[in-house]
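What you see is a predicted model, and the numbers here were worked out from it, not measured in a lab.
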Amino acid sequence: MLVHVPDHFSSNLKFSFSKLPAFKTDRSSPIKAIISILLGIGLLCLGIFELFSFLNAEKTSSNSYLLVEIFAFIIILIALGIIIGSILAIVRYKKFTFNGREFKIIYRPSIGVKHTLIEPLENYIGVRLRVLFSNTGLFNKNRYIVDLYHQDASKIVPLYISTQNKNIRKIWENYARLFKLPALSVNERGLCKRDYEDLNKPLKQLALENKLPFIASGKFPAPQTLNIKDSAKSTIIKPLGVYWDVFSSLFLLIAISASLLLIVGGVYLTIIGTTLPIKYWTMGAVTLLAIIYFTIKLFETYYIELTNEKLFIKTILFGTITGEKHISNTKIENIELTYNPAIDRYSLAIISKDQIFSIENRLPVNDLLWLKDFITRKIIGN
């Protein structure tokens with residue numbers, strides 16, 4: 001077993017098995033690495049120039065430029081770190097070869113010797129779908145990853161990696177069917193498995209075949225954040241109030257502060273008679289409208305209506321229905337909690353073959369979990 005081997009390096013990868021043997025190399029983007037190297041070289045030249053400029057200035061002056069020299073030295077160290085890190089990113093890679101029976105994995109680390117592993121396809125547990133949050137400063141993003149899952153992390157094979165959430169579930173399911181392995185996903189209860197033959201089966205059929213994942217018995221009462229109204233024709237599930245987490249509260253604080261700053265600044269400039277070009281007033285008005293719009297969205301909520309035939313999701317703003325989506329109960333294949341690591345929040349996803357309805361009302365995860373099990377029991381008639 002290899003130690004400390006990352007699952008992948010790329011942000012854009014698609015492993016095709018249309019022809020065998022199939023080959024794929026997983027490595028960091030050479031273009032991005034080269035750009036980083038060039039930027040590092042430019043920063044290095046700037047640091048060296050500044051350092052020698054002030055060293056020469058000290059020879060002809062009695063003044064000390066120690067702080068400036070330290071700053072230039074720090075710039076040089078940062079530049080060297082960028083250059084070395086980018087070079088190491090290009091050097092390392094993982095190469096995969098599949099002959100129809102087994103995978104050959106060649107791992108070339110940044111420093112050290114190559115490692116080669118051979119693993120039969122039958123030893124892989126399933127095809128896993130997961131979301132990995134990548135923190136790159138201002139450019140934070142999610143990576144959607146489909147891989148052949150193995151208990152030994154060094155033997156995991158990336159099949160598809162993208163920063164775009166486009167048809168990712170279909171891609172995941174297609175790989176599961178290709179290898180005839182279970183489809184794996186990570187939810188609030190750990191690793192969830194579904195046989196590839198069952199991927200297009202609705203919840204009712206899975207329940208009849210006793211293949212549904214665990215759901216709670218329903219003996220626990222509804223959480224205080226939800227109001228349940230049952231009638232002969234339908235069940236209405238409505239969150240009570242508006243639940244805000246730390247992200248929503250922080251945005252509201254920033255929005256109020258920004259709005260006050262724009263308004264007070266505009267009034268002050270008017271009082272003192274300062275004339276600003278119309279484009280600045282236009283930018284301020286657009287910014288203020290955007291702040292108002294997203295602040296109002298914080299007060300948006302929803303309710304779910306379940307009938308014998310369909311599930312409705314109706315959006316409400318200040319007591320008025322502003323939108324409606326619906327899906328036939330016979331087409332619902334799964335209901336699960338999905339995790340967004342970018343904002344550290346769960347949402348409820350209602351999934352069919354053709355569409356995914358995501359419910360994000362910032363409810364606590366335990367309440368969403370109760371809601372998921374409640375809707376599942378209603379749909380399967382339990």
Side-chain angles (χ1 to χ4, degrees), residues 1-30 89-132 134 143-163 167-187 189-201 206 209-214 333-334 336:
M1 175 179 175
L2 306 182
V3 181
H4 303 306
V5 180
D7 291 353
H8 69 87
F9 304 117
S10 176
S11 294
N12 186 10
L13 179 146
K14 183 178 181 180
F15 205 151
S16 175
F17 299 92
S18 56
K19 293 182 180 180
L20 296 179
F23 306 90
K24 196 64 184 179
T25 300
D26 177 22
R27 71 190 322 156
S28 301
S29 171
I90 294 177
V91 170
R92 68 179 184 179
Y93 65 84
K94 294 173 81 173
K95 185 175 181 179
F96 304 90
T97 305
F98 181 63
N99 60 9
R101 300 180 306 276
E102 59 188 16
F103 281 92
K104 181 180 179 181
I105 305 169
I106 299 175
Y107 171 52
R108 172 68 169 88
S110 300
I111 300 174
V113 297
K114 290 183 181 180
H115 301 273
T116 301
L117 294 171
I118 295 178
E119 190 69 11
L121 176 62
E122 62 190 31
N123 289 347
Y124 285 89
I125 298 172
V127 178
R128 177 179 60 169
L129 170 64
R130 63 194 177 111
V131 180
L132 181 65
S134 299
R143 289 181 183 178
Y144 300 90
I145 303 168
V146 178
D147 54 35
L148 266 175
Y149 181 69
H150 197 287
Q151 288 183 331
D152 185 345
S154 63
K155 297 177 181 178
I156 290 174
V157 179
L159 303 173
Y160 183 87
I161 303 172
S162 177
T163 57
N167 296 326
I168 188 66
R169 293 191 69 90
K170 289 185 178 180
I171 293 168
W172 166 53
E173 293 175 357
N174 288 338
Y175 276 116
R177 293 189 186 97
L178 174 66
F179 291 106
K180 297 183 179 179
L181 288 172
L184 309 175
S185 60
V186 181
N187 63 14
R189 285 176 172 141
L191 201 62
C192 180
K193 179 168 66 173
R194 180 178 289 195
D195 290 337
Y196 71 93
E197 299 100 331
D198 298 332
L199 287 174
N200 288 331
K201 293 180 180 179
L206 290 174
E209 297 175 4
N210 294 319
K211 292 182 178 180
L212 268 185
F214 170 81
E333 297 179 3
N334 197 13
E336 63 182 37

Distance, nearest 0.5 Å, that separates OG of Ser162 from CD1 of Ile168: 6.5 Å

Within 6.0 Å of NZ in Lys95, more than 12 heavy atoms from elsewhere: no

From Leu184 atom CG to Ile125 atom CD1, the distance as rounded to the nearest 0.5 Å: 7.5 Å

Point-to-point distance, once rounded to the nearest 0.5 Å, from NZ of Lys104 to CZ of Phe23: 9.5 Å

Leu181 to Gly126 - nearest heavy-atom pair and separation: CB-CA, 3.9 Å

Distance, nearest 0.5 Å, that separates CG of Leu121 from NZ of Lys180: 11.0 Å

Working for side-chain contact (heavy atoms from CB on, under 4.5 Å), residues Arg128 and Ile156: CA-CA 10 Å; Arg128 177 179 60 169; Ile156 290 174; 3.6 Å; yes

Backbone of Glu197 reached by a side-chain donor or acceptor of Asp195 within 3.5 Å: no

Candidate list Ile106, Thr25, Ile105, Leu159, test side chain to side chain contact (heavy atoms under 4.5 Å, CB included), partner Phe96, passing option: Ile105

Salt-bridge criterion met for Asp26 and Lys94 (N-O under 4.0 Å): no

Tyr93 side chain to Lys114 side chain, donor-acceptor N/O pair below 3.5 angstrom: yes

Side chain proximity check, Val157 to Glu119, heavy atoms < 4.5 angstrom: no

Distance (rounded to the nearest 0.5 Å) between Arg108 CZ and Arg27 CZ: 10.0 Å

Phe17/Phe15 under ring-ring contact (aromatic ring centres under 6.0 Å, His included): CA gap, chis, key distance, verdict: CA-CA 7 Å; Phe17 299 92; Phe15 205 151; 4.3 Å; yes

Candidate pair Ser16 and Lys24, rule side-chain contact (heavy atoms from CB on, under 4.5 Å), full reasoning: CA-CA 8 Å; Ser16 175; Lys24 196 64 184 179; over 6 Å; no

Which atom of Trp172 lies closest to which atom of Val127, heavy atoms considered: NE1-O, 2.9 Å

Interatomic distance, Thr97 atom OG1 to Leu20 atom CG [nearest 0.5 angstrom]: 11.0 Å

Check: Lys170 main-chain N/O paired with Asn174 side-chain donor or acceptor under 3.5 Å: yes

Asn99 (side chain) donor-acceptor with Glu102 (main chain) under 3.5 angstrom: yes

Partners meeting ring-ring contact (aromatic ring centres under 6.0 Å, His included) with Tyr124 (sequence neighbours left out): Phe103, His150

Of Val146, Asn12, Leu13, the residue whose pairing with Ile161 passes side chain to side chain contact (heavy atoms under 4.5 Å, CB included): Leu13

